Amino acid sequence: MSAVEISQVNKIFSTGKQQAVEALVGIDLSIEPGEFVSLIGPSGCGKSTLLRLVANLLEPTSGSVLVNGKPAKQARLDQDYGMAFQQSGLFEWRTVARNIELPLELKGWDKSKRQARAKEMLELVKLGDFATHMPWQLSGGMQQRVAIARALAAHPPLLLMDEPFGALDEMTREHMQAELLSICAKTGTTVVFVTHSIPEAVYLSNRVVVMSPRPGRITDIIDVGLGSHRDEDTREDTSFFKCITAVREALRGIEVTDIVRGIEDR
Amino acid sequence: MNRSPAAIAKAVAPPVVFGALFFGGWQLAVNVFDIKPYFLVRPTEILDKFTGNWDNVWKAMRVSGGNALVGLVCGAALGVAMSFVLLRFRVLDEIVTPLSIALNAVPIFVLVAVFNNMFSITSEVPRRLMVTLVVYFVVLVNVARGLRQVDATHVELMRSYAASDWELLRKVRVPNAVPFFFTALKIAAPGAVITAFVSEYFGGSQNGLGNKITSNMSTSKKAEGLAYVVGACLLGLAFYAISIIMESVATPRGAGERAGERA
């Protein structure tokens with residue numbers, strides 16, 4: 001059974017109106033359990049929309065989205081996935097630990113079980129000493145780690161991430177990527193990861209899904225043959241650069257046609 | 001906040017020095033230029049009347065302060081209750097919010113003249129009603145905004161947790177509105193005191209600070225009148241201080257600062 005099964009999905013905003021936007025057209029994508037898949041493309045290509053369809057924060061206009069073999073809505077109600085955004089979205093009136101407990105509270109876990117899990121998750125993201133801190137006392141990178149801990153608190157089989165490291169500086173970003181890979185290796189979580197950084201997508205992923213705008217669609221899927229073990233040396237490996245070039249060329253095709261069309265429109 | 005005595009002294013010194021210079025200069029000016037008491041009285045005379053007449057000043061403070069307090073509590077309670085109603089019924093919100101903001105811009109305490117005709121003029125009801133109304137709008141506008149202006153990421157997260165509207169209200173909207181409520185209270189508390197005084201200018205019982213100030217001034221008892229002004233200042237400060245203390249007790253450190261930025 002696939003972790004995520006998207007078939008013939010279309011998403012049109014403002015259906016029937018003059019300014020109707022074809023956000024996604026004819027999307028087919030199947031993601032295996034334990035796989036790390038990145039969605040990449042220029043802005044407006046619908047990558048965030050696609051992630052929200054999987055999360056059932058949006059409903060497709062047509063087609064079907066299955067998560068863990070269930071309709072996306074049921075998967076959301078069962079909290080089968082965790083989610084992290086570019087903004088850490090921590091609740092500033094809750095301590096770090098109580099932020100991580102929130103999804104468990106909503107699942108109806110009792111207090112002692114919640115606290116034990118929060119502690120375990122904080123250890124996992126190496127913030128064991130910060131349980132009683134308030135979010136604003138933490139740096140951006142630390143806040144994002146708390147957000148990941150919270151997303152994984154209920155041990156969901158699937159993690160959905162929308163440019164989670166987009167607001168971090170380059171150094172912190174590379175560090176966080178390595179952390180995320182080691183967490184995923186430990187937990188065996190499937191990840192769908194939206195980014196617009198090519199090296200980030202290549203470093204993290206088993207497969208990179210290249211998307212293009214107007215209408216939003218998948219134009220290419222690139223297999224990243226870097227193996228399962230990746231560390232800082234991977235970033236200097238020739239096969240790493242080869243993959244980056246492959247993704248870049250797939251994206252370049254999009255940009256060129258896009259510009260040409262933009263001129264014709266005028 | 002654990003500040004050292006030296007740091008506290010450093011923070012307190014400038015206003016204390018300024019106050020001493022101001023009142024010293026005032027006293028000196030009256031003496032040196034031989035300013036007549038019907039124009040300007042000495043600070044020491046005001047202090048004399050304030051301490052010598054303390055029983056009466058305190059009595060008037062209790063009347064005006066009582067009106068302000070009753071109005072503040074009622075207005076805040078009504079404002080909070082109404083902001084929840086507005087959150088629930090969007091159509092109502094579109095009617096009430098612009099009206100509330102418009103009313104905030106007009107000096108509505110003149111309405112006390114109307115209330116004086118509606119209710120017994122010798123009771124405190126018209127004044128308390130006036131304070132209630134002023135506080136109500138300040139609290140309503142702020143709390144309604146706090147309940148509504150929640151982080152879009154927070155809303156998406158709660159949806160991803162399959163949270164109900166009730167859970168969203170309890171775990172996101174209400175905590176988000178708490179700093180807004182205290183911001184409103186900090187504006188409304190001194191406003192309540194001012195409204196209580198001004199309401200007394202429109203007639204009714206001659207028992208509050210506002211009455212005492214005007215009647216003493218009009219009979220040229222400047223020092224007595226100013227002694228009541230000192231009482232009025234103390235009352236305003238007390239209300240403000242209480243609202244700040246309540247805020248620091250109710251909200252964790254830092255949350256208040258952030259609300260200050262947003263408000």
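The sequence lines fix the lettering, A, B, ..., with proteins before strands; numbering per chain opens at 1. Keep in mind that this is a model prediction, so the values were computed, not measured.
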Atom CG of A/D110 with >12 non-hydrogen neighbours under 6.0 angstrom: yes
Answer yes or no: does atom CZ of B/F23 have more than 12 heavy-atom neighbours from other residues, nucleotides or ligands under 6.0 Å? no
For a 4.5 angstrom cut-off between non-hydrogen side-chain atoms, does A/Q86 reach B/T153? no
I need the minimum non-hydrogen distance between A/R76 and B/R159, along with the two atoms involved. NH1-O, 3.0 Å
What are the two closest heavy atoms between B/Y161 and A/R150, and how far apart are they? OH-CD, 3.2 Å
Taken to the nearest 0.5 Å, the spacing of A/L106 CG from B/E167 CD works out to 5.0 Å
Heavy-atom nearest pair, A/L77 first then B/A162, reads CA-CB, 3.7 Å
Structural part of B/V172 lying under 4.5 Å from a heavy atom of chain A: both
Chain B-proximal positions within residues 159-168 of chain A [heavy-atom distance under 4.5 Å]: none
Do B/D151 and A/Q87 have side chains that approach each other closer than 4.5 Å (heavy atoms only, starting at C-beta)? no
How about NZ on A/K70, more than 12 heavy atoms from neighbouring residues, nucleotides or ligands closer than 6.0 Å, or not? yes
Can you tell me how the ring of B/H154 sits relative to the ring of A/F91, calling it parallel under 30°, perpendicular over 60° and tilted otherwise? parallel
Count the heavy atoms of every other residue, nucleotide or ligand shown that sit under 6.0 Å from NZ of A/K107, and state whether that count exceeds 12. yes
Any A/R52 side-chain heavy atom under 4.5 Å of B/E156 side chain: yes
